[in-house]
Amino acid sequence: MAQENSMAVPDFLSKAEILKQGAEARVYRAQFLGKPTIVKQRFPKRYRHPTLDEKLTHRRTVQEVRSVLRCRKAGKFSSISQRAVEILHFHFSSGIPAPVVYFVDYTSHCIFLEEIIGSSTVRDHIMSTQQSDSCKELELERLAERMGHILAKMHDEDVIHGDLTTSNMLLRCSLENGESDLVLIDFGLSYISALPEDKGVDLYVLEKAFLSTHPNTEALFEKLLKSYTAASRKSSAVIKKLDEVR
């Protein structure tokens, strides 16, 4: 059955819409089991020995899926095993907002993820808000506080994102209360670590990306860090390491 699925994936992708290709993977848009889906495929690196390339690519795919699952089950299903969670077909309510994982094919190194419909990047939202006639400072401050809170929860689960930018955070309008949900995406460089230094570096990457993408937002980022500090159980050591990295 697994072999049949793997054989079917290349044919499936040949009919999908390719969105972008980076150094590590291709990203497609498709319909999977009737649902709007994003498919991320890691392709072989011809400059690496095939056996080494297969091992590294498999490990990166496993780490990405593990990080997404760990975020989504944060604070939930604490009494059951990781294997039991996987048997639930990855369909449980989100702890830390991240896309649902619909299917993983480890032969073709493809991850089938929920497409976050009706969303925009935090990057675009901040830029458009800043450029509007009436820049809504309070709205941006609330957004920064929510970002800090979400990242604190993620780090408390020992998930290191590895590529934190405002392009890898989406705002999705919630039908329930009209407010926007903040969703973390692109865990391709993520891994699991409890080390404060790794979490500090994660925040440093975000800080550099944040301030270079959104000039004159130092006070906004400080709001984010203040929210992170208040929300995280382990923030003291992390912020200390962030200062050292700086």
Side-chain angles (χ1 to χ4, degrees), residues 24-25 40 42 52 55-88 90 92-101 104 106 109 111 113 122 144-170 181-211 221-246:
E24 295 291 324
K40 182 174 183 178
R42 284 185 168 83
L52 175 63
K55 286 183 178 180
L56 291 175
T57 305
H58 177 79
R59 185 172 67 184
R60 289 252 40 102
T61 304
V62 169
Q63 286 177 327
E64 181 167 2
V65 172
R66 182 175 293 150
S67 294
V68 175
L69 288 177
R70 197 172 182 119
C71 282
R72 290 189 56 82
K73 77 181 185 71
K76 303 174 187 293
F77 302 104
S78 57
S79 62
I80 64 176
S81 67
Q82 178 70 26
R83 179 58 185 156
V85 170
E86 293 177 4
I87 292 172
L88 289 172
F90 312 112
F92 40 84
S93 58
S94 178
I96 299 166
V100 177
V101 180
V104 183
Y106 288 112
H109 308 296
I111 306 173
L113 296 154
V122 168
E145 288 171 354
R146 287 165 59 199
M147 290 166 64
H149 183 76
I150 291 291
L151 297 180
K153 288 176 64 179
M154 181 185 75
H155 280 171
D156 279 1
E157 293 296 323
D158 294 335
V159 175
I160 310 301
H161 187 280
D163 190 21
L164 283 176
T165 69
T166 50
S167 294
N168 286 336
M169 303 178 194
L170 300 181
D181 294 326
L182 192 62
V183 183
L184 300 178
I185 62 169
D186 199 353
F187 286 79
L189 297 178
S190 66
Y191 57 99
I192 307 301
S193 171
L195 294 176
E197 183 174 1
D198 289 336
K199 298 170 186 179
V201 170
D202 219 20
L203 291 179
Y204 181 72
V205 169
L206 175 61
E207 181 177 37
K208 299 299 286 185
F210 195 100
L211 298 181
F221 192 78
E222 284 304 314
K223 282 277 185 184
L224 186 156
L225 287 183
K226 185 177 288 187
S227 174
Y228 177 97
T229 301
S232 172
R233 303 187 304 271
K234 311 169 185 178
S235 61
S236 177
V238 175
I239 297 301
K240 182 180 178 181
K241 287 296 181 182
L242 170 60
D243 289 336
E244 290 178 11
V245 172
R246 281 167 166 167

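The figures here come from the full heavy-atom set of this structure, side chains too, leaving out hydrogens, waters and symmetry mates.
A search for side chain to side chain contact (heavy atoms under 4.5 Å, CB included) contacts involving Asp156 returns Ser232, Arg233, Lys234, not counting sequence neighbours. In this structure Lys40 satisfies the salt bridge (charged side-chain N to carboxylate O under 4.0 Å, His left out) test together with Glu64, Asp186, sequence neighbours excluded. Shown here are the side chain to side chain donor-acceptor pair (under 3.5 Å) partners of Lys223, two or more places apart in sequence or in another chain: there are none. Under the rule for a side chain to side chain donor-acceptor pair (under 3.5 Å), the partners of His109 that lie at least two apart in sequence or sit in another chain are Glu54. Listed by chain and residue number, His214 satisfy the side chain to side chain donor-acceptor pair (under 3.5 Å) test with Thr166 (two or more places apart in sequence, or in another chain). Legend: residues meeting side chain to side chain contact (heavy atoms under 4.5 Å, CB included) with Ser67, ordered by chain and number and at least two apart, are Val159, Phe187, Ser190, Ile192. Glu222 pairs by the side chain to side chain contact (heavy atoms under 4.5 Å, CB included) definition with Leu225, Arg246, not counting sequence neighbours. Here Glu197 pairs with nothing under the salt bridge (charged side-chain N to carboxylate O under 4.0 Å, His left out) rule; sequence neighbours left out. Residues passing the side chain to side chain contact (heavy atoms under 4.5 Å, CB included) test with Ser227 are Glu145, His149, sequence neighbours excluded. Annotation: side chain to side chain donor-acceptor pair (under 3.5 Å) contacts of Ser236 (sequence neighbours excluded): none.
Within the structure, salt bridge (Lys or Arg N to Asp or Glu O under 4.0 Å) pairs that include any residue of residues 161-170 do not occur (at least two apart or interchain). Sorted by first then second residue, the ring-ring contact (aromatic ring centres under 6.0 Å, His included) pairs that include residues 221-246, not counting sequence neighbours, are His155-Tyr228, Phe210-Phe221.
The shortest distance between side-chain heavy atoms of Val62 and His58 falls below 4.5 Å. Side-chain contact between Leu206 and Leu151 is present, with heavy atoms from C-beta onward closer than 4.5 Å.
The backbone N or O of Gly188 lies less than 3.5 Å from a partner atom in the side chain of Arg42, making a donor-acceptor pair. Asp202 places a side-chain N or O within donor-acceptor distance of the main-chain N or O of Gly162, the cut-off being under 3.5 Å.
Between Gln63 and Arg66, the side chains place no donor N or O within less than 3.5 Å of an acceptor N or O (distance only, hydrogens not considered).
Rounded to the nearest 0.5 angstrom, Asp198 CG and Leu203 CG are separated by 11.5 Å. Rounded to the nearest 0.5 angstrom, His161 NE2 and Leu184 CG are separated by 6.0 Å.
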